[in-house]
Amino acid sequence: MTPPSAPSAQGVLGPVDLTGQVALVTGASRGLGRVYAQALARAGAAVALNARSADQLAETASLIERDGGRAATFPADAADPAQVAALVSAVADHFGPIDLLVNNAGTSGSLAPFADIDPADWWRTLEVNLRGPMLCARAVLPSMLALCRGRIVNVSSGAGNQAWPLASAYATSKAALTRLTENLAAELRDTGVAVFAISPGIVRTAMVEGALHQSAAPAIAEQFRTAIAEGRAVPPERSAALVLTLASGAADPLSGHFIWVGHDLAALLARAEEVRRDALHLLRLRPLPT
């Protein structure tokens, strides 16, 4: 049952009504995942909440239900194949087919010189930030393809578009996630399924707060402190508005592309043909001019 007056929430391009849709948000126990889940519920979606922490997931669900939204918790490790398969099946049994997947679960991993990092810790970052979204996308796609509709939003990072010393695992994982997004979108063209990579910018989440106090990577801590002091931190609600707009389908012409929260989405959509033709907002090599 939806609330008597179906709520709508404000996306980047205006009000968004997701009544009747089912959204799965990973990493929904706190931070951006919680904000995304609340925004989607306010827009009328039934929201499946996933993370490993059952207690924190219950808090998110309570906040959503207190505001009249619909939510249910599904604790699982999104980087574990068997658990992901069970997760997606359980969500479908509870709410119905998944219309929107928000791959938000992530970790900064070890922030330290590459030579000093435990290889297992480095690889675990890839498992959480890349394998998890891959498994979740693979699990929801059969239903989306059968219904000829669906959207996948991968929470990537601008860190994947450049070298970021002392954060090699994180930067590598996000670069790969952005590339996976483009690959999937190319495969899924004309199927009704759209895929996006987004960068939420610098948001004062637990991950960023932890980076601010990194003794093994003081340069990264200083980068974050400077950005925050200069007013470059982004309110989480701004990122949630972008997710809502992508969920609405308004930005489907940009499927496969990387969208930073600070980009003018209306301008990008107005020039979508050019963006696609010239491979803009994608990871590309820039060869030496001949």
Examine distances only and state if a side-chain atom of [X] and a backbone atom of [Y] form a donor-acceptor pair shorter than 3.5 Å.
{"X": "Asn104", "Y": "Gly27", "result": "yes"}
{"X": "His94", "Y": "Val91", "result": "no"}
{"X": "Arg70", "Y": "Val47", "result": "no"}
{"X": "Asn50", "Y": "Ala76", "result": "yes"}
{"X": "Arg34", "Y": "Ser29", "result": "yes"}
{"X": "Thr191", "Y": "Leu188", "result": "yes"}
{"X": "His257", "Y": "Ala197", "result": "no"}
{"X": "Thr26", "Y": "Ala105", "result": "yes"}

- Query: What salt bridge (Lys or Arg N to Asp or Glu O under 4.0 Å) pairs are there with at least one residue in residues 255-265, not counting sequence neighbours?
  - Reply: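 Non-adjacent pairs meeting salt bridge (Lys or Arg N to Asp or Glu O under 4.0 Å): zero.
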- Residue Arg271 excluded, over 12 heavy atoms near CZ under 6.0 Å: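 It does not: Arg271 CZ has 12 such atoms or fewer within range.
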- Report the C-alpha separation of Ser239 and Tyr36 in whole Å, then their side-chain angles, then the decisive distance to 0.1 Å, and conclude whether the side chain to side chain donor-acceptor pair (under 3.5 Å) test is met. CA-CA 8 Å; Ser239 179; Tyr36 293 157; 2.5 Å; yes
Donor-acceptor list for residues 111-121 side chains, cut-off 3.5 Å, not counting sequence neighbours:
residue : atom : partner : partner atom : Å
Asp118  : OD1  : Ala120  : N            : 2.8

Name each donor-acceptor pair under 3.5 Å that joins a side chain in residues 130-137 to protein atoms two or more places apart or in another chain, with its distance.
residue : atom : partner : partner atom : Å
Arg131  : NH1  : Ala79   : O            : 3.4

- Message: Using side-chain contact (heavy atoms from CB on, under 4.5 Å), reason through Met144 and Ile152 one step at a time and then give a plain yes or no.
- Response: CA-CA 10 Å; Met144 289 183 176; Ile152 298 171; 4.2 Å; yes
- Query: Picking from Thr172, Val155, Thr107, what satisfies side-chain contact (heavy atoms from CB on, under 4.5 Å) with Asn129?
  - Reply: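 When Thr172, Val155, Thr107 are each tested with Asn129, the side-chain contact (heavy atoms from CB on, under 4.5 Å) holds only for Thr107.
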- Item | From His263 atom NE2 to Leu254 atom CG, the distance as rounded to the nearest 0.5 Å |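 Atom-to-atom, His263:NE2 and Leu254:CG are 11.0 Å apart.
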- Item | Steps toward side-chain contact (heavy atoms from CB on, under 4.5 Å) verdict (Val128, Arg124) | CA-CA 6 Å; Val128 173; Arg124 177 59 183 168; 3.5 Å; yes
- Can a donor-acceptor pair be found between the side chains of Ser168 and Trp122 at a distance below 3.5 Å?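 On atom types as modelled, these side chains qualify, holding a pair under 3.5 Å.
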Enumerate, atom names and distances included, each donor-acceptor pair closer than 3.5 Å involving a side-chain atom of residues 240-251, sequence neighbours excluded.
residue : atom : partner : partner atom : Å
Thr245  : OG1  : Val12   : N            : 2.6
Thr245  : OG1  : Ala241  : O            : 3.2
Ser248  : OG   : Thr245  : O            : 2.6
Ser248  : OG   : Ala250  : N            : 3.2

- Within residues 277-290 or reaching into it, pairs that qualify as side chain to side chain donor-acceptor pair (under 3.5 Å) - sequence neighbours excluded: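 Pairs touching residues 277-290 that pass the test: Glu182-Arg284.
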- Task: Quick one: which residue pairs count as a side chain to side chain donor-acceptor pair (under 3.5 Å) with a foot in residues 142-160, not counting sequence neighbours?
- Result: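 Pairs touching residues 142-160 that pass the test: Asp99-Arg149, Asn103-Asn154, Arg151-Asp252, Asn154-Thr181, Ser156-Thr178.
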- Message: Run Ser53 and Asp55 through side chain to side chain donor-acceptor pair (under 3.5 Å) and show every step you take.
- Response: CA-CA 6 Å; Ser53 171; Asp55 291 345; 5.9 Å; no
